[in-house]
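Here is the structure we will look at.
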Amino acid sequence: MRLSRRGALASALALAACGRQAAAGPEPGPLKSLARFPIGVAAMTGQFDDLGWSELVRRQFGRVTPEWEMKTEALAGPGGYDFQRPDSLVSRAEAMGLKVHGHTLVWYAETSREFERLDGQKQAYAEAYRAYVTTVAGRYRGKVTGWDAVNEPLSDDGALRDCRWRRNLGDGYIRLAFLHAREADPAAPLFLNDYDLETRPAKRAAFLRLAEGLLKAGAPLTGVGTQTHVNAALEPGAIKAAVADLASLGLPVHVSEFDVSVKVGQLAALRAEGLEQRQAALAAETVEAVMRLPQRQRYGITLWGARDRDSWLRRPPEDRGLIRDRPLLFDDNGRPKAAARAFAGALS
Ligand code: G3I
């Protein structure tokens, strides 16, 4: 029996009114059915064999973003590129009826020995760069709903990051990434993706300027991603402001890596309910921010993990100290938290 949207909202509100024991109530959602846009989740191949993970993901989510397998580091093998990892993730996702968002073609944090060997050889480097981007984008043509063509191009202050790609190809490495990706895949939306756009106004302004510059230069930029890795201390409204600002470009917007850390300094003293409720409020705000967009600009919301235990924030080096973070919608056992109910309630 499919719960109507009103029914889902009523049950979510009723359960929320019961306080924390609501977390033990029936699972809200499924989120992917309540939403009028894709609800995604970060995934790693090994997780598909974890029944707790795969059953929750099957029920709640409609798309995955490879947390690692499509990155340069995961593809680079001794004799060129080894696509076993990403191919395996794509086939597991397809077998579960999940779409795939490609992440990420070019990222300052990743390179490979092949590129390192070409450092300083401009022509050879440019040829290898084009070959890499066209090979990877070409291989998954028709298999991904879009690509993070360039990830995290800006430093915290909004300046272009210094990175291997820029040192060898100049500032134009960003435009080239989009051109090469489009050459290999004529249809996939190509995203510029970055983080802290909610908390660093100068970085967000620089991101918008970079996007506008790329569009003016004819780069096939067809989407913007705001990772939205935030914490429970974030002031209400910051996420809505960032999404609205980014949407001013008129392009599809992807909340691409959403999580809300509850390991926040001065707030750590707050009772757990205070943090859980702030996390829930930010989850609802994120949904409302995307719901405000025209349908053509709603590329979706991707959670950077299914259960708290799956979060990158629960792995070294982030996972340190006594408090274990609980940054996602579902707890370590896959049970819905207040954040899941608030997220579902806002979708309804
Ligand atoms: O599992 C492999 C192992 O088989 C391999 O031998 C080893 C070699 O280094 O790597 C292991 O993979 C690790 C991978 O996560 C899977 O667990 C990598 O070491 C590790 O670097 C990788 O970390 C990922 C990180 O990006 C760097 O790629 C995190 O899972 C992932 O959550 C994180 O995600 C980033 C986004 O891409 C961009 N935005 C920020 C976000 C958080 O840092």
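Ligands are counted one by one from 1 in listed order, and the atoms in each one are counted from 1 as well. If you read the sequence from its start, that first residue is 1, and numbering goes on from there.
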May I ask you to list the atoms of ligand 1 that are less than 4.0 angstrom from any heavy atom of [X]?
X	answer
Glu110	28 (O)
Asn151	38 (C)
Arg85	4 (O)
Glu152	38 (C), 39 (N), 40 (C)

In terms of heavy-atom contacts, Val90 and Lys143 come closest through CG1-CD, 4.1 Å

Closest to atom 35 (C) of ligand 1 by heavy-atom distance, out of Glu67, Lys71, Arg315, is Lys71

Between Ser256 and the options Thr302, Thr226, Thr228, Asn193, the side chain to side chain donor-acceptor pair (under 3.5 Å) test singles out Asn193

Partner of Asp148 under side chain to side chain donor-acceptor pair (under 3.5 Å), picked from Gln227, His254, His101, is His101

Any heavy atom of Trp107 under 4.0 Å from ligand 1? The part involved is side chain

Q) Under 4.0 Å from atom 33 (C) of ligand 1, is there any protein heavy atom? A) yes

**Message:** Protein non-hydrogen atoms only, distance under 4.0 Å: does atom 23 (O) of ligand 1 have such a neighbour?
**Reply:** no

Query raised in the report: For Phe330, is the NZ or CZ atom of Arg307 found under 6.0 angstrom from the centre of its six-membered ring and inside 45 degrees of the ring axis?
Result: no

*Report yes or no: does Glu69 contribute a side-chain atom to a donor-acceptor pair with the main-chain N or O of Arg85 at less than 3.5 Å?*
no

Practice task
Could you tell me whether the side chain of Glu183 and the main chain of Val133 form a donor-acceptor pair under 3.5 Å?
Solution key: no

**Prompt:** Would you say the side-chain atoms of Trp107 and Glu152 include a donor-acceptor pair closer than 3.5 Å?
**Reply:** yes

heavy-atom search around atom 41 (C) of ligand 1 in the protein gives Glu257 OE1, 3.5 Å

Polar atom proximity, His103 to ligand 1 (N or O, under 3.5 Å): yes

